Amino acid sequence: MTHTSSAAKTAYLLVAGRLTLPADLCTFPPPDLVIAADGGARHAAGLGLNVDAWVGDFDSAQGDELDVARKVHPTAKDETDGELATQLALAQGCTRLVFVGAFGGALTTRRRCCWARCGWPSGVWTCG
């Protein structure tokens with residue numbers, strides 16, 4: 001894990017959306033946990049982030065390699081890979097989430113439903 005704190009824990013969730021570099025992550029709290037959701041792993045190296053967990057069905061991670069164990073889920077599932085990453089972050093006690101590469105504009109209904117199902121943390125930021 002990247003940063004240790006006795007206060008609120010922060011997770012960076014790397015998702016497979018478009019990321020415009022350089023993403024200025026300095027404006028966000030430093031991560032205690034970095035989770036790649038399937039193809040979001042491709043953002044890790046460009047951002048200089050070490051991934052602690054990698055989750056998803058791995059249908060979009062073709063050619064991506066990380067030195068971390070994969071938590072493989074079936075392709076036929078009710079959650080998106082981003083939802084799986086969110087659930088893992090919340091299960092690890094993170095209350096602040098930074099979604100990296102997730103959004104190109106306004107929140108979609110699907111993403112709002114994802115957060116509502118997973119339980120809203122105290123802080124949610126988007127980057128990229």
Side-chain angles (χ1 to χ4, degrees):
M1 297 198 196
T2 310
H3 178 263
T4 306
S5 171
S6 60
K9 289 177 62 176
T10 300
Y12 284 13
L13 307 177
L14 310 180
V15 296
R18 184 177 53 186
L19 180 65
T20 304
L21 293 175
D24 187 7
L25 297 178
C26 295
T27 60
F28 301 108
D32 297 292
L33 182 66
V34 177
I35 302 171
D38 200 346
R42 71 179 62 97
H43 299 314
L47 296 170
L49 295 172
N50 293 320
V51 174
D52 299 301
W54 196 6
V55 301
D57 56 18
F58 297 94
D59 63 341
S60 62
Q62 297 136 347
D64 296 328
E65 292 297 326
L66 293 176
D67 189 23
V68 64
R70 294 180 179 208
K71 296 182 184 204
V72 181
H73 294 265
T75 303
K77 59 189 182 315
D78 293 331
E79 304 89 354
T80 66
D81 295 326
E83 287 173 292
L84 294 171
T86 301
Q87 291 170 355
L88 179 58
L90 294 174
Q92 294 296 314
C94 295
T95 57
R96 298 184 297 192
L97 306 179
V98 178
F99 288 85
V100 180
F103 306 96
L107 289 174
T108 64
T109 301
R110 178 77 173 139
R111 290 182 183 115
R112 284 194 301 267
C113 289
C114 160
W115 284 341
R117 282 201 315 237
C118 294
W120 282 92
S122 60
V124 175
W125 296 274
T126 62
C127 177

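Residues take their numbers from the sequence shown, with the count starting at 1. In this text, all values refer to a predicted model and were calculated from it rather than measured experimentally.
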Pairwise distance CG(Leu47) to CZ(Arg42) - rounded to 0.5 angstrom: 12.5 Å

Straight-line distance of His73 NE2 to Asp59 CG, nearest 0.5 Å: 12.5 Å

Full working for side chain to side chain donor-acceptor pair (under 3.5 Å) between Glu83 and Thr86: CA-CA 5 Å; Glu83 287 173 292; Thr86 301; over 6 Å; no

side-chain contact (heavy atoms from CB on, under 4.5 Å), paired with Val100, selected from Leu49, Val15, Val34, Leu14: Leu14

Candidates Asp81, Thr75, Thr80 - the one meeting side chain to side chain donor-acceptor pair (under 3.5 Å) with Lys77: Asp81

Counterpart residues, side chain to side chain contact (heavy atoms under 4.5 Å, CB included), relative to Ala85 (two or more places apart): Leu13, Ile35, Ala37, Val55

Nearest non-hydrogen partners of Ala8 and Asp32, listed with the distance: O-OD2, 4.0 Å

Which residues share a side-chain hydrogen bond (donor to acceptor under 3.5 Å, both in side chains) with Lys71, sequence neighbours left out: none

Any pair counted as ring pair (Phe, Tyr, Trp, His ring centres under 6.0 Å), so long as it reaches residues 46-69, sequence neighbours left out: Trp54-Phe58

Nearest non-hydrogen partners of Pro29 and Tyr12, listed with the distance: O-OH, 2.8 Å

Nearest-0.5 Å distance, NZ of residue Lys9 to CG of residue Leu90: 11.0 Å

Contact summary for Ala11 and Ala89, nearest pair of heavy atoms: CB-CB, 3.7 Å

Leu88, Leu33, Val68 screened by side-chain contact (heavy atoms from CB on, under 4.5 Å) with Asp52, the one that passes: Leu33

Side-chain donor/acceptor of His43 to backbone N/O of Ala36, under 3.5 Å: no

Atom pair CG (Asp57) and CG (Leu84), whose distance is rounded to the nearest 0.5 Å: 8.0 Å

